[in-house]
S.K.: 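I have a structure here, written as structure tokens, and I will follow up with some questions on it.
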Protein chains: 2
Amino acid sequence: MQDVFSKLGPLIIASRLKRMSDYIMRAGAEFYNSNGVDFEPKWFPLYYLLSHEKELGIMDIAQKLNISHPAVIQLAKELEKKGWVTSTKSKEDARKRLLKLSKKGISFLPQLQLIWDDIREVNRQVVESQSTNVLNALEEMEVFFASKSYTERMKEYQESKK
Amino acid sequence: MQDVFSKLGPLIIASRLKRMSDYIMRAGAEFYNSNGVDFEPKWFPLYYLLSHEKELGIMDIAQKLNISHPAVIQLAKELEKKGWVTSTKSKEDARKRLLKLSKKGISFLPQLQLIWDDIREVNRQVVESQSTNVLNALEEMEVFFASKSYTERMKEYQESKK
DNA sequence: TATATTTGCGTAATCAATTACGTAACTAAT
DNA sequence: ATTAGTTACGTAATTGATTACGCAAATATA
């Protein structure tokens, strides 16, 4: 047994979640690549979001994607460079820069949709093959921590020991 | 509903895994801190490993922890700076630098154990409160992909469509 | 209307980890 | 003993994301 951590159980939930995430991300990148599609997994959230909304400001996006606004700027810069995204200054609020898919970005969508469908399908198969469904488990955790944070639970446990 | 992604289901398993991992990591850091313990979550795997083995080479550690060897060197450097880890050249193989906990590192262990016990316990509570156990789900995924990789499954699915 | 506060965005610095590459030591084959 | 190949390690460059900071526009308040 090379791997020390599977045994460690609850202590390293976070590490195992991260490891699995990295693994799937990496495989995703490979998949785009082997299909000859010039696209990276990290672009998906922003691209997908913009494909469903007309235009959005940087901060809106950051909130919706749950990432920092500099991250949005960074990703947007890359997608603008690819020509898939353009931006305009908001008329109502001159501070805002609104992002949206360009024509080129929209015309790329059908090709992406095909890949996304494949990914979705395989992921569905993975999840359905599980006797313990990881998406349900995640969903449950999210709800659990939304009602009372991890940190609060830590505090309470330590109080209860006194 | 601000958050677009809970709805996206299987397509973004990876992002959700990562998000949950980050969340727990962050809370962990806060926890060490609020207990006045000068320790960071990222140090845990190496520290814990060294506390269970006498001494190990860089590559051994990288394999066991499933991280790159430069990452090990980096972490080791930090722990050496803290005075918790020392290294010696291997007698059998002059290329190897063996890492182990220093006396100071060993004497710090009991304090860490207390914290780790608390973390373990709260994590156990979290997991046990779940009707769908996230650790079991992860375990299952790991076994699943070990038997046939994600990439292979992708290929097979695409073949099957033809 | 003037002033203070908040909000949206951009840049810079930083962080954690990776890949790529170079060097030295070991091993195997001739 | 030489040469070729592999292994262990270290450094540098890159990646992807964060926090910190500052400016300008908008909003609230006196």
Side-chain angles (χ1 to χ4, degrees), chain A residues 14-15 17-30 33 39-47 55-82 85-100, chain B residues 14-30 33 39-47 55-82 85-99:
Chain A
S15 303
L17 289 168
K18 178 168 189 306
R19 183 199 294 187
M20 184 56 71
S21 165
D22 287 349
Y23 175 76
I24 298 177
M25 279 292 201
R26 202 180 308 271
E30 220 179 297
N33 212 268
F39 198 79
E40 299 181 25
K42 63 170 169 165
W43 293 332
F44 171 75
L46 178 53
Y47 208 106
E55 44 182 20
L56 285 170
I58 306 285
M59 289 305 291
D60 288 340
I61 295 171
Q63 271 196 351
K64 281 183 198 282
L65 300 187
N66 213 32
I67 58 180
S68 68
H69 82 267
V72 176
I73 293 169
Q74 180 73 15
L75 291 170
K77 210 173 271 176
E78 294 174 26
L79 296 185
E80 287 176 289
K81 199 170 175 183
K82 287 282 180 184
V85 163
T86 54
S87 69
T88 53
K89 250 200 160 59
S90 165
K91 299 259 158 98
E92 297 88 50
D93 187 337
R95 294 168 304 176
K96 281 195 181 178
R97 183 163 73 95
L98 300 174
L99 298 182
K100 66 176 174 190
Chain B
S15 304
R16 288 179 75 185
L17 289 168
K18 178 166 191 303
R19 183 199 292 189
M20 185 54 74
S21 166
D22 287 348
Y23 175 76
I24 298 177
M25 279 293 199
R26 202 180 306 273
E30 221 179 294
N33 212 270
F39 198 80
E40 299 181 25
K42 64 170 170 164
W43 293 333
F44 171 74
L46 178 54
Y47 208 105
E55 44 181 22
L56 286 170
I58 306 287
M59 289 306 291
D60 288 340
I61 295 171
Q63 271 197 351
K64 280 182 198 281
L65 300 187
N66 213 33
I67 59 180
S68 69
H69 82 268
V72 176
I73 293 170
Q74 181 72 13
L75 291 170
K77 209 172 271 175
E78 293 173 25
L79 296 185
E80 287 175 288
K81 198 169 175 183
K82 287 283 182 183
V85 163
T86 54
S87 70
T88 53
K89 248 200 162 61
S90 165
K91 298 259 159 97
E92 296 90 50
D93 186 338
R95 292 169 305 178
K96 281 194 181 179
R97 183 164 73 95
L98 301 173
L99 298 182

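Predicted model, so just to flag it, every value in this text is computed and none were measured. Just so we're on the same page: letters track the sequence lines, and every chain starts at 1.
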S.K.: Output the rounded distance in Å from CD1 (A/I61) to P (C/dG10).
M.R.: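 Distance check: A/I61 CD1 to C/dG10 P gives 11 Å.
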S.K.: Kindly indicate whether the side chain of A/S90, heavy atoms from C-beta on, has any atom under 4.5 Å from the side chain of A/R95.
M.R.: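 No - every pair of side-chain heavy atoms lies 4.5 Å or more apart.
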S.K.: If the threshold is 4.0 Å, N to carboxylate O, is there a salt bridge linking A/R26 and A/D22?
M.R.: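 Salt bridge: no.
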S.K.: Earliest and latest nucleotide of DNA chain D, 5' to 3', sitting under 4.0 Å from a non-hydrogen atom of chain A?
M.R.: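 Taking any atom under 4.0 Å from a heavy atom of chain A, the span is D/dG16 to D/dA26.
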S.K.: Once you apply a heavy-atom cut-off of 4.0 Å, does B/E78 come out as touching a base, just sugar-phosphate, or nothing?
M.R.: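 No contact at all - B/E78 keeps every heavy atom at 4.0 Å or more from the nucleic acid.
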S.K.: Evaluate the side-chain proximity of B/L17 to A/L17: yes if any heavy-atom separation is below 4.5 Å, no if none is.
M.R.: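 The answer is yes, as the side chains (C-beta and beyond) meet within the 4.5 Å cut-off.
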S.K.: Which of residues 68-76 of chain B have a heavy atom under 4.0 Å from DNA chain C?
M.R.: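 Those residues whose heavy atoms fall under 4.0 Å from DNA chain C, taken from residues 68-76 of chain B in numerical order, are B/S68, B/P70, B/A71.
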S.K.: Send over the distance from B/R95 CZ to C/dA25 P, rounded to a whole Å.
M.R.: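 Answer to the nearest Å: 10 Å.
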S.K.: Output yes when at least one side-chain N/O atom of A/R26 is less than 4.0 Å from OP1 or OP2 of C/dT19, else no.
M.R.: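 Checking C/dT19 against A/R26, a side-chain N or O does come within under 4.0 Å of OP1 or OP2.
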S.K.: Could you say whether A/R97 or A/K18 is positioned toward the 5' end of DNA chain C, judged by the nucleotide with the nearest heavy atom to each?
M.R.: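 With A/R97 and A/K18 compared, the 5'-side residue is A/R97.
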S.K.: Taking all non-hydrogen atoms of both residues into account, name the closest pair between B/A76 and B/L46 and its distance.
M.R.: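 What the structure gives for the nearest pair is N-CD2, 3.9 Å.
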S.K.: Write down the distance between CG (A/L99) and C1' (C/dC9), rounded to a whole number of angstrom.
M.R.: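 Computing the A/L99:CG to C/dC9:C1' distance gives 11 Å.
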S.K.: Could you state the atom-to-atom distance from CG of B/D22 to P of C/dA16 in whole Å?
M.R.: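 Going from CG in B/D22 over to P in C/dA16 covers 13 Å.
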S.K.: Considering heavy-atom distances to DNA chain D, does A/K91 or A/E40 have its closest nucleotide positioned more toward the 5' end?
M.R.: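 Result of the comparison: A/E40.
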S.K.: Would you mind reading off the distance between A/I67 atom CD1 and C/dG10 atom P, rounded to a whole angstrom?
M.R.: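 So the two atoms are 14 Å apart, to the nearest Å.
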S.K.: Would you say a side-chain N or O of A/K77 is under 4.0 Å from OP1 or OP2 of C/dT11?
M.R.: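 Answer is yes, contact under 4.0 Å.
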S.K.: Measuring from B/S68:OG to B/Q63:CD, what's the distance to the nearest 0.5 Å?
M.R.: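 Rounded to the nearest 0.5 Å, the OG-CD separation comes to 12.5 Å.
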S.K.: Got A/I67 and A/L75 here, is their nearest side-chain heavy-atom distance under 4.5 Å?
M.R.: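 They are in side-chain contact.
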S.K.: Roughly how far apart are B/I61 CD1 and B/N66 CG, rounded to 0.5 Å?
M.R.: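 Here the rounded value is 14.0 Å.
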S.K.: Can you tell me the distance, in whole Å, between the NZ atom of B/K96 and the P atom of C/dT23?
M.R.: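 In whole Å, C/dT23 P and B/K96 NZ are 23 Å from each other.
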S.K.: Can you establish whether the number of heavy atoms outside A/K100 located under 6.0 Å from its atom NZ is more than 12?
M.R.: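 Counting other residues, nucleotides and ligands, NZ of A/K100 stays at 12 neighbours or fewer.
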S.K.: Is there a side-chain contact between B/Q74 and B/E78 (heavy atoms, below 4.5 Å)?
M.R.: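 Yes, at least one pair of side-chain atoms sits under 4.5 Å.
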S.K.: When the distance from CG of B/L65 to P of C/dA17 is rounded to whole Å, what number comes out?
M.R.: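 So the two atoms are 11 Å apart, to the nearest Å.
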